[in-house]
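The model shown is predicted, which means the values in this text are computed figures rather than measured ones. Numbers restart at 1 for each chain; the letters A, B, ... are given by sequence-line order, proteins then strands.
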Amino acid sequence: MNDIYDEIMAIAKRRGIVYPSFDIYGGLSGFYSYGPIGTLLKDNIIEVWKKFYVVREGCLLIDTPNVVPYRILKASGHVDRFTDILVECERCKSKYRADKIIEDELKIDPSKISREEMFQILKKNDLKCPSCGGKLVNPREVNLMFRTEIGFGDVIKAFLRPETAQGIFVEFNILYNVAKKKLPMGVAQIGRGFRNEISPRQGVIRLREFNMAEVEVFFDPQKDDHPFFDEIKDEKVRVLTRDDVELEDTVGSLYKRGIIKGKLLAYYIGLTKRLLVTLGIDERKLRFRQHKVHELAHYAKDCWDAEIYLERFGWTEVVGIANRSSYDLTAHSRESGVELVAYRNLERPKKVIEKVIIPKYNILGPMLKDKLKPVEKALKEGNYEEVNDKIVVKIGENERVEIPKSAVEVKEEEKTIMVEKFVPWVVEPSYGIDRILYGVLEHSFTKDDRGYAYFRFKPYIAPIKVGVFPIVSKEPFTSIAKDIYLRFIREGILAYYDASDSIGRRYARMDEIGTPYCITVDGQTLEDSTVTVRDRDTRKQVRMKVDEAIKYVKERTTFRFY
RNA sequence: GCGGGCGUGGUGUAGCUGGUAUCACGUAGCCCUGCCACGGCUAAGACCCGGGUUCGAAUCCCGGCGCCCGCACCA
């Protein structure tokens with residue numbers, strides 16, 4: 001196959017953008033490295049992402065471990081969700097997912113049975129291969145997470161994280177506190193995720209180790225809103241609904257029409273569109289696809305993928321924006337025994353009369369001895385009955401203890417309740433950085449009228465901001481050019497000094513890696529200290545003073561909103 | 001993981017009816033060059049890995065790895 005992907009990857013390797021890892025050992029599919037230019041590009045993409053989510057949205061940016069103990073991923077459902085049982089046909093060697101076979105052949109809902117039961121079912125029922133009718137044998141687990149272990153001897157089972165999100169959920173209480181207990185609260189994390197894909201064959205699109213940028217927006221499901229909603233609501237997007245209807249509308253209108261099921265969801269779809277376009281994704285090759293009902297994870301209310309069109313891979317998911325409801329917090333709360341909740345103010349404060357029974361310890365202590373503790377607890381929890389002048393306290397299953405009323409102080413307090421607890425819901429925009437980076441490469445890949453290829457990166461994304469050349473490699477041009485180069489460095493702008501080959505070749509080399517500007521020192525520089533500033537896309541030059549040229553480049557290569 | 005095809009400098013290729021490798025672009029150095037991959041000279045750089053057959057393997061055979069297509073898997 002010879003397409004734009006090959007062409008881009010050839011340049012990517014030659015110029016140090018991205019290429020297969022472990023090359024001298026023959027390579028290993030699913031692993032790619034970023035070279036010096038690609039790493040700069042990736043960092044610049046992440047910088048813009050941070051401008052959107054950390055600076056603009058005010059998300060709390062955190063960084064949690066890649067290695068995650070078993071319990072956490074068990075609680076989150078990943079241990080089960082990422083473990084498939086495969087069965088194999090004895091005759092034709094086809095592989096099937098056991099749960100799919102059980103569902104199709106026996107009409108049993110596989111989500112309702114355990115793994116052991118599934119093995120039992122496979123043993124008992126003489127299931128046949130759907131394609132050739134052969135016997136299905138050798139059921140075994142396929143786990144898509146990378147296993148590892150922590151420590152020596154009594155090791156703790158662990159995995160490399162399949163997503164960064166779980167690191168956020170388990171720290172909810174700390175973060176909620178840091179955020180002064182205010183919702184909505186966005187928490188962002190940028191990092192690597194790992195998936196032991198069976199056979200990744202889509203180059204840089206399906207990686208076993210990949211970069212992601214995720215946000216978990218915790219919110220009160222009764223207040224599904226965003227303070228900047230009005231600013232985003234007119235963002236127009238192309239969508240493909242779960243009923244396969246293609247249409248174009250603003251996110252505000254899609255929300256009103258009930259197509260996007262949630263205001264926050266609509267907001268982040270709009271924001272994602274703006275971000276992807278800002279990064280250099282072609283708006284005409286971008287759409288948002290709603291997950292079909294059967295495609296939704298059982299905890300998700302609604303889920304939309306941002307998909308970009310790529311020549312080789314077709315419509316490709318680059319961002320997933322899901323409403324995960326309260327699933328994860330509830331799961332981690334159950335497993336850890338730690339309450340993960342937020343508080344909301346009641347609209348009308350409730351007045352309640354609360355009866356509190358305070359034990360008189362000087363009487364109850366000697367009377368109950370070691371039973372004081374359980375009695376105290378039961379009184380607090382209301383597990384008692386008042387019978388005449390006695391209190392019957394229920395401790396444990398059947399055990400009851402009678403104590404005289406005189407041994408306690410009964411207080412009736414009127415309380416005004418202002419807040420109530422709830423488990424926050426989560427909207428999760430999750431970005432695949434590597435896929436976005438490739439999308440930026442492909443969508444900014446351009447051939448000029450002479451057939452020369454280059455990347456039309458947005459100036460703030462470009463790895464190198466400016467090339468600085470002497471018109472010929474001779475004094476005093478070289479010294480002046482080197483001086484200008486150093487002035488850029490001092491400004492913190494990545495510049496590239498080049499005096500080799502012809503001036504045309506140098507422009508071409510800079511074009512190829514998407515450098516937006518080139519400054520050339522020529523004969524006229526000696527007379528009036530002006531230089532030419534060349535624009536990559538138009539190849540037009542403007543002449544200006546050196547000071548202005550530096551300012552000109554700096555202004556245009558620094559990211560700014562709007 | 002199964003079936004089919006493929007694997008030659010950084011890239012694209014020729015050679016593949018056994019005798020250490022063609023060409024172009026690119027890269028490095030020098031000369032030339034006062035604005036868009038100019039030209040000249042020079043240099044470096046490859047047979048995916050392992051085993052077998054053979055006096056001799058890029059070439060033939062086997063295995064591995066990788067890539068591509070289909071199935072499966074994944075989202």
Query raised in the report: With distance as the sole criterion, do the side chain of A/Tyr507 and the base of B/rC35 form a donor-acceptor contact below 3.5 Å?
Result: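 Yes, a donor-acceptor pair under 3.5 Å.
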For a quick check of understanding: with a heavy-atom distance under 4.0 Å over all strands, which category does [X] fall into, base, sugar-phosphate or nothing?
{"X": "A/Gln541", "result": "base"}
{"X": "A/Phe477", "result": "base"}
{"X": "A/Thr532", "result": "base"}
{"X": "A/Arg509", "result": "sugar-phosphate"}

Validate the cation-pi geometry between [X] and [Y]: distance from NZ or CZ to the six-membered ring centre under 6.0 Å, angle to the ring axis within 45°.
{"X": "A/Arg534", "Y": "A/Tyr507", "value": "yes"}
{"X": "A/Arg556", "Y": "A/Tyr552", "value": "yes"}
{"X": "A/Arg289", "Y": "A/Trp315", "value": "no"}

Using purine N1 to pyrimidine N3 plus N6-O4 or O6-N4 for Watson-Crick, or N1-O2 and O6-N3 for G-U wobble, each under 3.5 Å, what pairs with [N]?
{"N": "B/rA72", "result": "none"}
{"N": "B/rA43", "result": "B/rU27"}
{"N": "B/rG63", "result": "B/rC49"}
{"N": "B/rU17", "result": "none"}

So which nucleotide from [options] ends up closest to the side chain of [X]?
{"X": "A/Arg312", "options": "B/rC35, B/rC68, B/rA37", "answer": "B/rC68"}
{"X": "A/Arg505", "options": "B/rA37, B/rC74, B/rC36", "answer": "B/rA37"}
{"X": "A/Ile471", "options": "B/rC74, B/rC36, B/rC35", "answer": "B/rC35"}
{"X": "A/Glu317", "options": "B/rC68, B/rA75, B/rG66", "answer": "B/rA75"}
{"X": "A/Arg539", "options": "B/rA37, B/rC35, B/rC36", "answer": "B/rC36"}
{"X": "A/Asp501", "options": "B/rU11, B/rA28, B/rC36", "answer": "B/rA28"}

Query raised in the report: In whole angstrom, what separates A/Ile11's CD1 from B/rG26's C1'?
Result: 12 Å
Query raised in the report: How close or far is atom C1' of B/rC65 from atom CZ of A/Phe31, stated in whole angstroms?
Result: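 After rounding, the reported distance stands at 14 Å.
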Report summary line: Of A/Ala508 and A/Arg14, the one whose closest nucleotide on RNA chain B sits nearer the 5' end is A/Arg14
Query raised in the report: Start at the 5' end of RNA chain B and walk down; is the nucleotide closest to A/Ala10 or to A/Phe313 reached first?
Result: A/Ala10
Query raised in the report: For A/Ser29 and B/rC67, is the shortest distance between a side-chain N/O and OP1 or OP2 below 4.0 Å?
Result: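 Affirmative; the distance criterion is met.
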Query raised in the report: Where does B/rG64 land, syn or anti, once you apply the within-90°-of-0 test for syn?
Result: anti
Query raised in the report: Is B/rU22 in the syn or the anti form, by the rule that syn lies within 90° of 0?
Result: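 Classified anti.
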Report task. Output the distance between atom CZ (A/Phe218) and atom CH2 (A/Trp425), rounded to the nearest 0.5 Å. Result -> 14.5 Å
Query raised in the report: Just wondering, are more than 12 heavy atoms of other shown residues or ligands nearer than 6.0 Å to CZ in A/Arg450?
Result: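 Check passes, neighbour count above 12.
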